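Bear in mind that the values here come from a model prediction, so they are computed numbers and not experimental data.
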Amino acid sequence: MPAITAFLADRLPAIALLTSTPWNEKLASWFMNHWEDFIEWASQPHVIYAALAWLITFYLVVTLILGMGFGPAGIVAGSFAAGFQGLMYGGFTPAGGIFAALTSMGMLGMLMPAAVIVAVVWASVVAGVGGIIFQLRGMLGGFHYLGQEKLSITQDEAPGKLKERLEIGGVDVKSEGKENVIAVVDEIFKGLEIVKDEGAAWNCQNWALSGLKTLKERG
């Protein structure tokens, strides 16, 4: 048993804290430290924007689905569903179709959970679209540039993954146009020299600094 505990303690910080004394103080300290990291991460503007996008999208999708008019007692009079039924089907609604399925889900109380699931998926997709990243791939002697890559700020910058964040400036995309700015940055990084010699005192940081210098010169 002690061997199993030691094995887990080497790999799980929480287990390591629980096996030490006094465990209650250690555990409280561990949670406090991680809570502060989480608050610092969640306070960043781009994370706040992503959270707001998630909440707004979730609310809109749920409202749209539940507001169509598929209620627990059937089709709600005067609703979109009632108008669609009268226009498309008249007095006869065919069984087995999407409309009939939605009607059944509303009457059985299954529409709410389904709406929540759909809203979560859509909200996560919207919030997960974070931006563009420019980086080198590979290792010494084999670095290569693939071009602009998608970056999900809610996943790739989660606590524990983002080691350090340094803001060095900004770009006015409103005046230049977002697509134009991204194209210019991509063009600059494509034109940077990539040293293939493993023995050279050069790495991806030199490449990034060279790109930043060029961006500064371009204004």
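The hydrophobic cluster around I56 extends to Y59, L60, counting ILVMFWY residues whose side-chain heavy atoms fall within less than 4.5 Å of a member.
Annotation for N206 and N203: closest pair OD1-N, 2.9 Å, computed over non-hydrogen atoms.
Note: the hydrophobic cluster containing V61 does not contain L64 (ILVMFWY, side chain heavy atoms under 4.5 Å, direct or indirect links).
For L192, the side-chain contact (heavy atoms from CB on, under 4.5 Å) partners are F189, W207, S210, T214, not counting sequence neighbours. Taking the salt bridge (charged side-chain N to carboxylate O under 4.0 Å, His left out) definition, one finds that K213 meets it with nothing, sequence neighbours left out.
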Check residues 139-146 and write down every donor-acceptor pair under 3.5 Å in which the side-chain atom is one partner and the other belongs to a residue at least two apart or another chain.
| from | atom 1 | to | atom 2 | distance (Å) |
| --- | --- | --- | --- | --- |
| H144 | ND1 | R137 | O | 3.3 |
| H144 | ND1 | G142 | O | 3.1 |
| Y145 | OH | D186 | OD1 | 2.6 |

Got a list of side-chain donor-acceptor pairs under 3.5 Å for residues 100-121, not counting sequence neighbours?
| from | atom 1 | to | atom 2 | distance (Å) |
| --- | --- | --- | --- | --- |
| T103 | OG1 | F99 | O | 2.9 |
| S104 | OG | A100 | O | 3.1 |

Would you mind writing out the side-chain donor-acceptor pairs for residues 65-83 within the sub-3.5 Å range, not counting sequence neighbours?
| from | atom 1 | to | atom 2 | distance (Å) |
| --- | --- | --- | --- | --- |
| S79 | OG | V76 | O | 2.6 |
| S79 | OG | A82 | N | 3.3 |

